[in-house]
Amino acid sequence: MNGYGGSILRINLTTAKISKESTPTNVMRDFIGGRGFGAYYLFKEVPKGADPLGTENKLIISSGPMSGLMIPGAGKCDFTTKSPLTGGYASASMGGHFTAEMKYAGLDSIILEGISSKPVYLFIDNDKIELRDANELWGKGTITVEKHFKEVFGEEFQVAVIGPGGENLVSYACINHDFGRQAGRGGVGAVMGVKKLKAIVIHGTKSISVADNKTYRQAGKALYKACKEASFLPEWTRYGTTVVTSWCDEVGALPTRNFSAGSFEDGKNLYAPVMREKIVITDKGCFGCPSPCGKYSRSKKYGSNVEGPEYETIGLMGSNLGISDIEAVAQANLLADDLGIDTISAGNAIGWAMECYEKGIFTKDDTDGVDLKFGNVEATFDLIGKIARKEGLGALLAEGVKKASRKIGKGTEKFAIHVKGMEQSAYATHNATAMLLAYMTCDVGAHHNRSWAITYDLQVGRDLVVPEKVARVIWLQNFRPMFDVFGGCRLQWVELGIDRDLYIPALEAITGVHRTWEDFEKVGERIWNLTRLFWARENEGFGRNWDMPAPRFYEEAPKSGATKGQITKLEDVNLLLDMYYEQRGWTSDGLPTHERLSELNLSDLVV
Ligand code: SF4
């Protein structure tokens, strides 16, 4: 089919066997690409009960039909696996230039299987595909290793690499690329680490066939024109995702001191204009992006350069830890990136540990004598290293807050901020029921990017528990992740407000298949149901209890920020889920029904 690389590459790291197969037509038709391919191969090929860090688990890396073409933001790559953090479905999206090279090498997916007996890296230059020794690189940071490969093979090679966090199997280890882009969430880096695969180095020169070249060019130009004419473009390009820091602080959504509050008294020091003025030196974007949100920064205080921090890192490594120095946040960002751990989960875990310390649950005996109070910058730097190396308290935090709090007990589970074992990203949801539901029901755990519903809460009433809010969350969950299926970026639609219908002729001209947004939303729903089924298959007793949010959001009033608009009863949380399951067509315990699966053409795959 047009728009695809045409091949699925399989690498068996146990046997060192390398093989290719044609991308199946039915998979392209029903799952389209990217996250859709990941969900399909995960469900079909990873056997029930597989250990996420065992030989049976696979890491599936997928591009989509948009990837590598001249469509705004066509540089997104999906990494899918069974998560070592949650035990369920993990899908992490990574920007940059990696996915374009996959397509130019003729690849739609790379499926990594088995476990190597020694450190290796995967070298791909078109059809030259080899596993090579990586012994000398094992233990080194992601930035050092990426620089090394760029020097050895040239700038045109793209690199995806793990750091010591992945090697040491930290549950939320990430995969790094382009000196600052990550497949961040769910521990995809630990799965690469256990396979002893240090890096993938890739370059391709093949062309991608499109069904209708003239229309593709016109449709691509129309999309770029819409981006260039968007009134928000200058502000977005100046600040990137940090544009929301002040807004979150004002509306009470900025995670502060382990989400105990939604605004930070020193938050102004972290706002976008302060960051731009103090540390940003240039803008940086992914492949084909007309609206680069990456901010490359230099901290004079720490003598360091880093891509970031973006909003999530400011929220979790800044206000959530009581840290108000943007240079310290940038330095924490650099340490986490180089060591290869997710800044969101790490910041959340350190926030939980700081609260344990301030409550007297941890003492200096637990912290190697460190005064682990909120705001302690040096302790934060120290803990990031300890998590990556699994040393001392870092070994506990490396398991994620769900497992760590269950080990410690003493009521610490109440302020472990996660859903399904994934640490919540940077929106405090005391007073935002749609966003709370979005986190509760997100397909990977408490992540924001599937359904960013918080603006809707503010529009219609923060504490409303009504079917319309639930419908909005579901629509966003079906629609927004489709960009991860196409292999593109959603932010041109989200932030620049370009008309989503502009993508329709582009996708049709690329693939030759006519589809409407209604059709695409159906595909989104198919993937959503399949991944829900994966959770249920892999976790005995999976159901409503797995969708519950951190009690902090309905049992405690936020210590600062907006205090109105909070739901305070467990019944209201359950009411949200009742409405959600009903609208999804699931059972009252949140499980997809046979009828629903049949309507979505999933019966064959499930049986
Ligand atoms: Fe990448 Fe940001 Fe551009 Fe999206 S908006 S393609 S994430 S640089």
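One-based numbering, in listed order, for ligands and for the atoms of each. Quick caveat: nothing in here was measured; it's all calculated off a predicted structure. Heavy atoms only: backbone and side chains are in, while hydrogens, waters and symmetry mates are out.
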Going by an N to O cut-off under 4.0 Å, is there a salt bridge joining Lys420 and Asp443? no

With a 4.0 Å cut-off on N to O distance, would you call Glu327 and Lys300 a salt bridge? no

Under 2.8 Å from atom 4 (Fe) of ligand 1, which protein N, O or S atoms do you find? Ignore water molecules. Cys489 SG

CZ (Arg217) with more than 12 external heavy atoms under 6.0 Å: no

Would you please classify the geometry between the Phe486 ring and the Phe483 ring as parallel, tilted or perpendicular, with 30° and 60° separating the classes? perpendicular

Among Ser62, Ser91, Ser93, which residue satisfies the side-chain hydrogen bond (donor to acceptor under 3.5 Å, both in side chains) criterion with Asp78? Ser91

Protein heavy-atom partner closest to atom 7 (S) of ligand 1 - residue, atom, separation in Å: Arg181 NH1, 3.4 Å

Where do Lys150 and Asp178 land on the salt bridge (charged side-chain N to carboxylate O under 4.0 Å, His left out) test, with the steps shown first? CA-CA 10 Å; Lys150 292 272 184 186; Asp178 199 26; 5.5 Å; no

